[in-house]
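Here is the structure we will look at.
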Amino acid sequence: MTTATQRRGRKIMMTPEERDAFLAEQRTCRVATVAADGTPHVSPLWFAWDGTSLWLYSLSRSRRWADLRADGRVAVIVDAGEEYGELRGVELSGRIEFVGEVPRTGEPCPELDAPERLFAHKNFGLTEMVYDGRHAWARLTPDKIASWDFRKMAMQNPADA
């Protein structure tokens, strides 16, 4: 995966290990798409992170899915924290790739074995994916990743800020 290097906020950016752990524990992301007329749309969605790609399991008859089919560019935010000094998150952007049948009914697709296992375990505590015939998979292998962890500010010397 070749991703753009984060230029700003390096003092508070997550290490790759911190980022992977954060994305593995978080459940909900916000997906930003653009409609054909240029109207932006942001919606929450559960996801799985495999260390390289963000796997989005979306309703295949949703505005988000229609937007992604028309224009595969996407930005996704995963964040956490209540107080300012607790804020942390990851922004990923790039182009979506659709994987598997639409909608997903469980046809064999080796490429989906790992993300479906991750998704089922993280979100449902199951060892196998349950299919409802309404959702489908989109994979974002990001071109750009930016991260922040404001908890690191408390660890920095104020003179360095």
Side-chain angles (χ1 to χ4, degrees), residues 1-6 9 12-35 40-82 86-151:
M1 169 176 70
T2 305
T3 55
T5 303
Q6 184 170 338
I12 61 169
M13 73 185 256
M14 295 179 192
T15 66
E17 296 78 20
E18 291 168 336
R19 180 196 64 219
D20 289 348
F22 177 77
L23 292 172
E25 75 184 20
Q26 297 301 311
R27 194 178 249 178
T28 306
C29 66
R30 283 181 277 290
V31 180
T33 61
V34 179
H41 180 246
V42 179
S43 57
L45 189 63
W46 282 358
F47 69 93
W49 172 252
D50 67 7
T52 303
S53 298
L54 194 74
W55 292 86
L56 305 171
Y57 195 55
S58 176
L59 285 167
S60 60
R61 296 187 66 161
S62 65
R63 177 173 171 191
R64 172 183 46 245
W65 193 263
D67 288 351
L68 291 171
R69 287 304 243 180
D71 183 342
R73 294 176 298 166
V74 66
V76 177
I77 292 280
V78 181
D79 60 348
E82 297 295 322
E86 301 171 345
L87 299 177
R88 57 196 174 122
V90 178
E91 178 185 6
L92 309 101
S93 59
R95 288 197 167 274
I96 286 293
E97 197 178 340
F98 300 97
V99 181
E101 79 274 18
V102 179
R104 181 87 172 119
T105 58
E107 291 294 319
C109 182
E111 195 172 7
L112 290 173
D113 289 348
E116 286 185 341
R117 213 172 17 260
L118 285 168
F119 189 88
H121 176 72
K122 177 170 135 178
N123 296 306
F124 304 111
L126 301 173
T127 57
E128 292 183 11
M129 191 71 182
V130 177
Y131 307 102
D132 64 7
R134 298 175 33 209
H135 289 77
W137 286 103
R139 175 179 52 208
L140 170 61
T141 304
D143 297 328
K144 181 180 176 186
I145 300 176
S147 65
W148 59 94
D149 186 345
F150 284 21
R151 299 173 306 172

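Excluded from the calculations below are hydrogen atoms, water molecules and symmetry mates; all remaining heavy atoms, backbone and side chain alike, are included.
In this structure, the separation between CG on Leu140 and CD1 on Ile145 is 8.5 Å, given to the nearest 0.5 Å. With values rounded to the nearest 0.5 angstrom, Ser60 atom OG is found 8.0 Å from His135 atom NE2. Interatomic distance, CZ of Arg151 versus CD of Glu18, reported as 8.0 Å (0.5 Å rounding). Here the straight-line distance linking atom CD1 of Ile77 with atom OG of Ser93 works out to 9.0 Å at 0.5 Å rounding. Here CZ of Arg19 is found 8.5 Å from CE of Met13. Values are rounded to the nearest 0.5 Å. Here the OH atom belonging to Tyr57 is positioned 9.5 Å from the CG atom belonging to Leu112, to the nearest 0.5 angstrom.
Counting heavy atoms from C-beta outward, Val78 and Phe47 have side chains that approach closer than 4.5 Å. Residues Val76 and Pro142 have side chains not in contact (no heavy-atom distance under 4.5 Å, counting atoms from C-beta outward). Inter-residue side-chain proximity for Asp149 and Ser147 is flagged as unmet; no heavy-atom pair is nearer than 4.5 Å. In this structure the side chain of Lys122 never reaches within 4.5 angstrom of the side chain of Trp49, judged on heavy atoms. Cys109 has its side chain within reach of Val99: a pair of non-hydrogen atoms, C-beta onward, lies under 4.5 Å apart.
For the residue pair Ala32 and Val42, the shortest heavy atom distance occurs at CB-CG2, 4.0 Å. Nearest heavy atom pair, residue Pro115 against residue Trp137, reads O-CH2, 4.3 Å. Taking both residues in full, the closest heavy atoms of Gly81 and Leu87 are given as O-CD2, 3.6 Å, listed atom of the first, atom of the second, then distance. Summarising the geometry of Gly94 relative to Asp143, their closest heavy-atom pair is CA-OD2, 3.5 Å, with the distance given to 0.1 Å.
Sorted pairs that involve residues 40-50 and meet salt bridge (charged side-chain N to carboxylate O under 4.0 Å, His left out), not counting sequence neighbours, are lacking altogether.
Under the side-chain hydrogen bond (donor to acceptor under 3.5 Å, both in side chains) criterion, Arg73 pairs with Asp71, sequence neighbours left out. In this view, Trp55 satisfies the ring-ring contact (aromatic ring centres under 6.0 Å, His included) rule with no residue, not counting sequence neighbours. Listed by chain and residue number, Arg27, Trp46, Phe119 satisfy the side chain to side chain contact (heavy atoms under 4.5 Å, CB included) test with Asn123 (two or more places apart in sequence, or in another chain). The salt bridge (charged side-chain N to carboxylate O under 4.0 Å, His left out) search around Asp79 returns Arg30, not counting sequence neighbours. When the side-chain hydrogen bond (donor to acceptor under 3.5 Å, both in side chains) test is applied to Arg139, the partners found at least two apart in sequence or on another chain are Glu97, Glu111. Partners of Glu128 under the side-chain hydrogen bond (donor to acceptor under 3.5 Å, both in side chains) rule, at least two apart in sequence or in another chain, do not exist in this structure. Residues satisfying the side chain to side chain contact (heavy atoms under 4.5 Å, CB included) criterion with Glu107, sequence neighbours excluded, are Glu101, Arg104, Thr105. Take Phe98 and apply the side chain to side chain contact (heavy atoms under 4.5 Å, CB included) test, not counting sequence neighbours, and it matches Trp65, Leu68, Arg69, Ile96, Ala138. Residues passing the side-chain hydrogen bond (donor to acceptor under 3.5 Å, both in side chains) test with Arg95, sequence neighbours excluded: none. In terms of the side chain to side chain contact (heavy atoms under 4.5 Å, CB included) criterion, residue partners of His41 (sequence neighbours excluded) are, by chain and number, Thr33, Ser43, Arg63, Arg64, Asp67.
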Query raised in the report: Can you check side-chain contact (heavy atoms from CB on, under 4.5 Å) on Val130 and Phe124, steps first, answer last?
Result: CA-CA 9 Å; Val130 177; Phe124 304 111; over 6 Å; no
